[in-house]
Visitor: 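Before we start, here is the structure in question, set down as structure tokens.
By convention in this document, chain letters (A, B, ...) are assigned in the order of the sequence lines, proteins followed by strands, and residues within each chain are numbered from 1.
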Number of protein chains: 2
Amino acid sequence: MAFTQAVPATNRLLDALHHKDREQLLTNCEHMELNIGEVLYRAGAAIPHVYFPTGGFISLLAPVDSSNLELGLVGNEGVLGITLILGVDSAPFTALVQGTGTALRITTASFLHILEQSAELHQVLKRYLYVSMSQLAQSAACTRFHLVEGRLARWLLMTKDRAHSDHIHITHVFLAYMLGVRRVGVTKAANSLQQQKLISYQRGDITILDHDGLEAASCGCYQADKEIYERILGRVGQPSVGAMTGFRTPPPLQTSREVGDWLLRRL
Amino acid sequence: MAFTQAVPATNRLLDALHHKDREQLLTNCEHMELNIGEVLYRAGAAIPHVYFPTGGFISLLAPVDSSNLELGLVGNEGVLGITLILGVDSAPFTALVQGTGTALRITTASFLHILEQSAELHQVLKRYLYVSMSQLAQSAACTRFHLVEGRLARWLLMTKDRAHSDHIHITHVFLAYMLGVRRVGVTKAANSLQQQKLISYQRGDITILDHDGLEAASCGCYQADKEIYERILGRVGQPSVGAMTGFRTPPPLQTSREVGDWLLRRL
DNA sequence: TGGCCTCTGTACGTTAGCGTACTTATGGCA
DNA sequence: TGCCATAAGTACGCTAACGTACAGAGGCCA
């Protein structure tokens with residue numbers, strides 16, 4: 001069954017750039033196809049290209065023991081290879097194409113060259129890196145504490161956003177691998193979501209039936225991820241230092257109260 | 001009982017700088033004492049100061065649901081507030097002083113000002129950020145897959161390195177909080193380590209008796225963390241792009257076969 | 001049409017860790 | 001000296017997820 005996707009052939013980070021900077025990047029990029037299953041980077045190895053997905057999307061996998069754990073997804077809202085801006089050219093994660101589609105790709109050398117010339121690009125990418133780190137932390141906590149069903153719901157929603165489609169092609173085995181659980185665990189969770197009429201699936205084709213319901217069934221991490229993205233990258237171009245203070249209505253004091261009180265009493 | 005600590009009143013990142021840059025930073029820093037239990041940052045709130053620990057050390061806590069999970073430790077090998085170099089001034093983590101001791105502290109404004117002037121400082125900090133991200137990923141995986149006993153062993157070793165002492169002052173309740181498990185879980189694990197004569201403890205005082213044995217009992221994450229640090233920051237000052245390629249002898253091919261096969265074989 | 005491979009459902013027993021509650025030690029302090 | 005708060009040990013049932021194994025079901029191709 002071939003699902004049609006409303007693929008936006010754009011990348012949000014590139015869109016945020018002003019004309020001149022964007023053009024310079026684009027003329028150095030090549031259009032290409034990402035094919036599901038392709039390994040773009042290997043953890044610890046060199047980063048040959050930077051990818052700005054326009055249609056496809058990519059999983060970030062951290063090696064653990066003799067397997068892997070997914071810690072992030074990159075779609076047309078982001079960029080793969082972001083750590084190059086830190087001056088280190090080896091990939092911290094394995095990057096695996098998760099959804100077939102298009103991307104713009106540029107060699108590491110060209111990328112670094114353009115980066116030096118465009119303060120604006122640098123700005124946007126730094127913020128995206130901040131967002132990536134935050135989402136990484138979110139995933140860490142999520143993976144530790146949340147139940148498989150909620151995590152699965154989250155994964156489906158995140159993937160839906162990046163695939164720009166309610167149809168996702170993936171098997172339970174593969175999902176199990178991403179979530180770091182048994183295939184049986186996925187089957188059970190998926191079944192439960194199906195019973196609740198939030199999704200339907202068969203032989204590798206999953207359809208999201210009720211976005212809001214799925215969001216309710218997911219852990220809060222889906223929302224949290226979106227919020228941090230919007231907060232930091234929603235209005236790129238504005239100064240961030242000094243401007244985004246106090247977003248979450250943080251408590252005014254920074255003494256060791258609160259965490260403190262509770263903790264201090266037992267130190 | 002008061003343990004004496006061999007506290008090195010230096011910070012490895014600062015030590016890596018050349019005289020001039022280091023001096024400029026130091027003259028803008030104030031020496032201060034970190035007291036156990038102090039909350040230096042709150043996740044989501046502004047970052048008022050950057051801290052270079054010289055003696056004390058600090059936990060990085062990610063908020064999750066209504067609790068927290070420790071995702072990193074910062075001692076005199078690192079710096080707290082590193083994300084400022086990304087141009088975002090809100091803290092991604094809550095920062096809690098874990099070990100009493102000294103630190104050098106500088107206001108965010110001064111820090112950013114000096115940062116602009118010293119390419120070398122910038123370089124070192126970018127690399128440290130890369131290391132932080134990698135260690136974050138390591139913690140995520142560790143937290144998900146490894147047993148409490150191994151994680152406890154890892155935590156003790158990491159803390160030992162940062163406290164520069166075999167004696168650690170911390171209770172089971174507190175450890176449970178850091179590791180995201182029940183106090184009873186810590187008690188059991190600690191007991192087991194004690195039976196194996198790797199540590200001994202009583203009422204909040206833990207002593208590491210056998211470093212190597214503890215390392216063997218810990219999950220590989222302790223080693224992995226050290227390796228990534230040494231690899232990226234071991235020889236600061238040398239160009240890293242293009243220089244650290246191929247470290248882990250990565251396999252040459254990147255086709256989609258491979259993963260497919262590779263994935264399926266382990267599922 | 002039959003065979004086969006892949007995907008999904010189900011069914012064990014096992015285990016690490018959970019929540020809770022109660023007990024026992026220990027050290028500081030009145 | 002005795003009290004008391006805090007630290008650590010123990011016990012109980014419970015649950016999510018584990019490892020494994022096998023059975024049905026769907027699609028593909030000979």
Side-chain angles (χ1 to χ4, degrees), chain A residues 1-2 36-37 64-67 69 142-153 155 168-195 199-207 217 219 261-267, chain B residues 1-3 36-37 64-67 69 141-153 155-156 167-195 199-207 217 219 260-261 263-267:
Chain A
M1 182 169 0
I36 196 165
V64 48
D65 303 330
S66 57
S67 184
L69 174 65
C142 181
T143 281
R144 170 71 184 81
F145 291 112
H146 297 152
L147 303 188
V148 174
E149 189 169 326
R151 295 213 288 135
L152 174 59
W155 195 95
I168 301 167
H169 188 81
I170 193 169
T171 64
H172 293 184
V173 187
F174 211 95
L175 275 168
Y177 189 73
M178 293 297 121
L179 298 176
V181 299
R182 290 173 316 155
R183 194 223 79 210
V184 181
V186 171
T187 298
K188 273 193 167 174
N191 212 300
S192 165
L193 294 175
Q194 190 168 44
Q195 303 263 325
I199 65 172
S200 75
Y201 63 91
Q202 60 171 332
R203 284 187 85 72
D205 289 314
I206 302 183
T207 304
C219 53
D261 273 12
W262 185 82
L263 286 175
L264 264 183
R265 254 180 281 120
R266 50 206 86 207
L267 280 174
Chain B
M1 152 171 32
F3 293 122
I36 196 164
V64 47
D65 303 329
S66 55
S67 184
L69 174 66
C142 180
T143 279
R144 168 74 184 80
F145 291 111
H146 298 152
L147 303 188
V148 174
E149 188 168 327
R151 295 212 287 134
L152 174 59
W155 195 95
L156 293 173
H167 303 289
I168 301 167
H169 188 81
I170 193 168
T171 66
H172 293 185
V173 184
F174 207 95
L175 275 168
Y177 189 74
M178 293 297 122
L179 298 176
V181 299
R182 291 175 315 156
R183 193 221 79 209
V184 181
V186 171
T187 298
K188 274 193 168 174
N191 211 299
S192 165
L193 294 176
Q194 190 169 44
Q195 303 265 326
I199 65 172
S200 74
Y201 63 91
Q202 61 172 333
R203 285 186 84 74
D205 289 313
I206 302 183
T207 303
C219 53
D261 289 357
L263 259 181
L264 291 177
R265 251 180 286 118
R266 66 195 67 225
L267 292 175

Visitor: How about H167(B) and D205(B): do any of their side-chain heavy atoms sit closer than 4.5 Å?
Guide: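 Answer no - side chains too far apart.
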
Visitor: Round to the nearest Å and state the distance from F145(A) atom CZ to dA16(D) atom C1'.
Guide: 15 Å

Visitor: Per the atom types in the model, does the base of dG17(C) pair as donor or acceptor with the side chain of R182(B) at under 3.5 Å?
Guide: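 Under the 3.5 Å cut-off, the side chain and the base do not form any donor-acceptor pair.
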
Visitor: Verify, without hydrogens or angle tests, whether H172(B) (side chain) and V184(B) (backbone) share a donor-acceptor contact under 3.5 angstrom.
Guide: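 It does not hold such a pair.
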
Visitor: If you pin Y201(A) and E149(B) to their nearest nucleotides in DNA chain C, which one's is more 5'?
Guide: Y201(A)

Visitor: Could you give the CG-to-C1' distance, from D205(B) to dT6(D), as a whole number of Å?
Guide: 13 Å

Visitor: Give a yes/no answer on whether the side chain of Q202(B) brings an N or O atom under 4.0 Å of OP1 or OP2 in dG27(C).
Guide: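 Yes, Q202(B) has a side-chain N/O under 4.0 Å of OP1/OP2 on dG27(C).
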
Visitor: Rounding to an integer number of Å, can you tell me how far Y177(A) OH sits from dC7(C) P?
Guide: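 Rounding to the nearest Å, OH of Y177(A) and P of dC7(C) are 16 Å apart.
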
Visitor: Got a sec? Which of residues 183-192 of chain A come in under 4.0 Å of DNA chain C, heavy atoms?
Guide: R183(A), V184(A), T187(A), N191(A)

Visitor: Taking atom P of dG9(C) as reference, at what distance in whole Å does atom CD of Q195(A) sit?
Guide: 10 Å

Visitor: DNA chain D: H172(B) or G180(A), which has the more 5' nearest nucleotide?
Guide: H172(B)

Visitor: Only one of V173(B), I170(B), V181(B), T171(B) passes side chain to side chain contact (heavy atoms under 4.5 Å, CB included) with V186(B); say which it is.
Guide: V181(B)

Visitor: Nearest 0.5 Å, please: how far is NE2 in H169(B) from CZ in R203(B)?
Guide: 10.0 Å

Visitor: Without decimals, in angstroms, what is the distance between R144(A) CZ and dA16(D) P?
Guide: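 Nearest whole value for this atom pair: 15 Å.
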
Visitor: Of all heavy-atom pairs between V148(B) and G185(B), which one has the smallest distance, and what is that distance?
Guide: CG1-O, 4.0 Å

Visitor: Report all interatomic pairs (protein N or O, nucleotide N or O of nucleotides 3-6 of chain C) with separations under 3.5 Å.
Guide:
residue: dT6(C); atom: O2; partner: R203(A); partner atom: NH1; Å: 3.0
residue: dT6(C); atom: O2; partner: R203(A); partner atom: NH2; Å: 2.6

Visitor: If you take all heavy atoms of I199(A) and A190(A), which pair is closest and at what distance?
Guide: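 Answer, listing the atom of I199(A) first, then A190(A): CD1-O, 3.9 Å.
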
Visitor: CG of D65(A) to SG of C142(B): how many Å apart, nearest 0.5 Å?
Guide: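 Between D65(A) CG and C142(B) SG, I get 9.0 Å after rounding to 0.5 Å.
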
Visitor: So what is the end-to-end bend of the helix from dT1(C)-dA30(D) to dA30(C)-dT1(D), with 5 pairs used at each end and the value given to 10 degrees?
Guide: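 For the helix from dT1(C)-dA30(D) to dA30(C)-dT1(D), the axes at either end differ by 10°.
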
Visitor: Pair L175(A), I206(A) - check side-chain contact (heavy atoms from CB on, under 4.5 Å), show working.
Guide: CA-CA 11 Å; L175(A) 275 168; I206(A) 302 183; 3.9 Å; yes

Visitor: Could you tell me how far apart I199(A) (CD1) and dT8(C) (P) are, to the nearest whole angstrom?
Guide: 11 Å

Visitor: To the nearest Å, how far apart are L147(A) CG and dC18(C) P?
Guide: 13 Å

Visitor: Return the CD to CD distance between Q194(B) and Q202(B), rounded to the nearest 0.5 Å.
Guide: 9.0 Å

Visitor: CZ/F174(B) to CG/L179(B) distance, rounded to the nearest 0.5 angstrom?
Guide: 11.0 Å

Visitor: OG1 of T207(B) to CG of L156(B): how many Å apart, nearest 0.5 Å?
Guide: 10.5 Å

Visitor: Whole Å only: how far is the CG atom of L193(B) from the P atom of dA8(D)?
Guide: 14 Å

Visitor: Which heavy atom of E149(A) sits nearest to which heavy atom of A189(A), and what is that distance?
Guide: CA-CB, 3.8 Å

